[in-house]
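Heads up: the structure comes next, in C-alpha cells.
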There are 2 protein chains.
Amino acid sequence: MSDPCRAKRVASSEATNDETGTAGQSNRRQNNRRDDVLAAAARLIARQGYDGTSMRDIAAETGMLPGSLYYHFVSKEELFVAVHAEAVASINRAVDAAIATQSEPWARLEAAVAAHLAALVETTDTVAIVSPNFPDGSAALNARLIAERDAYERKFAGLVEALDLPECVDKGLFRLMLLGATNWTPVWYRPGGRHGPAEIAGAFLDMLRSRCAV
Amino acid sequence: MSDPCRAKRVASSEATNDETGTAGQSNRRQNNRRDDVLAAAARLIARQGYDGTSMRDIAAETGMLPGSLYYHFVSKEELFVAVHAEAVASINRAVDAAIATQSEPWARLEAAVAAHLAALVETTDTVAIVSPNFPDGSAALNARLIAERDAYERKFAGLVEALDLPECVDKGLFRLMLLGATNWTPVWYRPGGRHGPAEIAGAFLDMLRSRCAV
DNA sequence: TGGTTAACCAAACAGTCGTTTGGTAAAGTA
DNA sequence: TACTTTACCAAACGACTGTTTGGTTAACCA
C-alpha cells in the first residue's frame, strides 16, 4: 500500500529544514533547476494526476535523472506539497487582482469566481488545487494541504459575508454551493464550448442573486 | 505508464462475450463469488480510489488469491467498469424511487437531488460514481464510463425541463450548477455535521428556486 | 460411473515504483 | 592554489504492480 521508508524520511526532513516554501530562500547558484522541476511536476500532475505521474516522468520532462530529484525534494509527497503551495499562491494572486477591480459586493464575488474558474480551466501548468485528487496518503499530509487552502477559502467566506443576504439564507451553504459548482466545472468544461469562465461565473451568480438583489 | 498486454486481452474479451453487464446472465453454480469480488472492489475503490486499490487488496478482501480474480474479470479496468455499472444502476434505482414519491416538479427535483446526495455520502459500498476519479486510462474506457452516466444525467435534464423556469435562465447551466454543487458536497461533507443530505438538497434548491417560484 | 467444466489455488513473470548510494565535474571560498 | 559545497549522474535495491500459467477440486451432466 505505502512504502515503509516514507515516515522516516519525512520526519528527518521536518527536523532539519522546511523545503516546502513556495520559493527557495536563496538560489545558491545560477543554474539551479529546482523551479524547473516544480514547473514540470505541476504540468504533469495537472494532466495525469498524482498517482499517474511518476518521478521518472518528472525527471524526463526536466531533462534530469530520477535520482537527481531527491537533491531538491526529500520525497514525492514533499514535491507535491511544494507544487500545491505554489498553485495556491498563484490562484490567490489571480483572485486578489480580480477582486481589486470591483467595489460592489456582488461584482467582487463574481470577479473572484471568474478568476478562480479561469485558473482551473485555462492554466495547464498549474494544478487544479481545489481538486480532491491529492495523494491518498497520510492524514498528516492531508491536514497540511487543507490548511494551505483554508486562507483561500476564508477569502470567499469574506466576500459572501459582505453580500447582505437575507436571514433565511445560510451563508455557509451559499458559499459551499457556489464554490462546489465552480470546482466541479472542469469536469464538464470543454475549451471550445459555448461558455467561457466569465460567462459561467456570471450565470452562476445570476441564478443565486435573484432572491437578494435590490 | 501502461502495460503492453492490456490491448490484446480487452480485444479478446470483447470478441468472446461481454462480461461488463450489471448482472451475470446466469450464475452457473451456487457458490459463485463474482458478486463478492464486485462488492469488495466497490468498497475498496470508494475508500481508496482506483489507483490506490490493488488487485491483491481486492482478492484479500474477498478471501481469494490475486490470480483468481482473472477468472471473473479479464483485467482491472474491466472490473472497474463492472463496479461502475453496478453503482450507476444502484443510484438510478434510488433516485427513481425518490422521484416517484413526489408530483410537483420542484419537489421531484429536490427528492432526486436528496437521493443522489444520500447515495454519495452515506453508502460506503458504492463507489462515488460521479467522481472524476476513474482511471486515467484510454479514451475508449472513459467514453464507456461517460456513456453509462449519460442516461442518468438525462434524467436530471428532464426534471429541470419540467420546472417552468423563466427564459433568462439557461437550463443547461442550471442543471450543471445544481449537480456540480451536489457532486462536490462529499469533499466537505462530514457525517456528524449539522446538515444531512436532505437538508443540503433543500437548501441548494431554495437558493435556486427564488427567482422562479410562483 | 465417467467425463466435462466451473471455480478456484499456487507460484511465478516482467515491469514499474519511489528511493538510495556512491561518485564527479564545476562553482564558490579561503 | 587548496578546500568545500553545489548540483547533479550512473546504477542499483527492494517492494509492489497487473497479469499469466499450470495444476486441482468439486460440482454438474450423460
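Chain A is the first sequence line, chain B the second, and so forth, proteins listed ahead of strands; every chain is numbered from 1.
Side chain of Arg33(A), nearest nucleotide from dC8(D), dA10(D), dT19(C): dC8(D). Closest to the side chain of Tyr71(A), from the set dG18(D), dT19(C), dC8(D), is dC8(D). Closest to the side chain of Met64(A), out of dC9(D), dT20(C), dT19(D), is dC9(D). Picking from dT19(C), dT19(D), dC17(C) the nucleotide with the shortest atom distance to the side chain of Ser54(A) gives dC17(C).
Side chain of Asp57(B) to main chain of Ser54(B): a donor-acceptor pair is present (N/O by atom type, distance under 3.5 Å, no hydrogens or angles). No donor-acceptor distance shorter than 3.5 angstrom exists from the side chain of Lys171(A) to the backbone of Leu163(A), with no hydrogens or angles considered. Arg33(B) contributes a side-chain N or O that, together with a main-chain N or O of Gly63(B), makes up a donor-acceptor pair within less than 3.5 Å.
Exactly one of Val95(A), Thr185(A), Ile200(A), Thr182(A) qualifies for a side-chain contact (heavy atoms from CB on, under 4.5 Å) with Val113(A). That residue is Thr182(A).
For the residue pair Tyr152(A)/His116(A), the side-chain donor-acceptor check at 3.5 Å is satisfied.
To the nearest 0.5 Å, atoms NZ (Lys155(B)) and CZ (Arg175(B)) are separated by 13.5 Å.
Atom-to-atom, NE2 of His72(B) to P of dA7(C) comes out at 7 Å; the value is rounded to the nearest Å. Taking atom CG on Asn32(B) and atom C1' on dC28(D), their separation rounds to 14 Å, with Å as the unit. One can place CG of Leu69(B) at 10 Å from P of dC8(C), the figure rounded to the nearest angstrom. Spacing between atom CD of Glu77(B) and atom C1' of dT19(D) amounts to 13 Å, rounded to whole angstrom units. Here the P atom of nucleotide dG18(D) and the CD1 atom of Ile45(B) are 10 Å apart, to the nearest Å. Protein atom NZ of Lys76(B) is 12 Å distant from nucleotide atom C1' of dT19(D), rounded to whole Å. Between the CG atom of Asp51(B) and the C1' atom of dT16(C) there is a distance of 13 Å, given to the nearest Å. The separation between Leu79(A) atom CG and dC17(C) atom P is 15 Å, rounded to whole Å.
Across the interface with DNA chain C, nearest-nucleotide mapping of Arg56(B) and Met55(A) shows Arg56(B) to be the residue nearer the 5′ end.
Comparing the helix axis at one end of the helix from dT1(C)-dA30(D) to dA30(C)-dT1(D) with that at the other, each defined from 5 consecutive pairs, gives an inter-axis angle of 10° (nearest 10°).
Listed by first and then second residue, the salt bridge (Lys or Arg N to Asp or Glu O under 4.0 Å) pairs involving residues 181-190 of chain A amount to none (not counting sequence neighbours).
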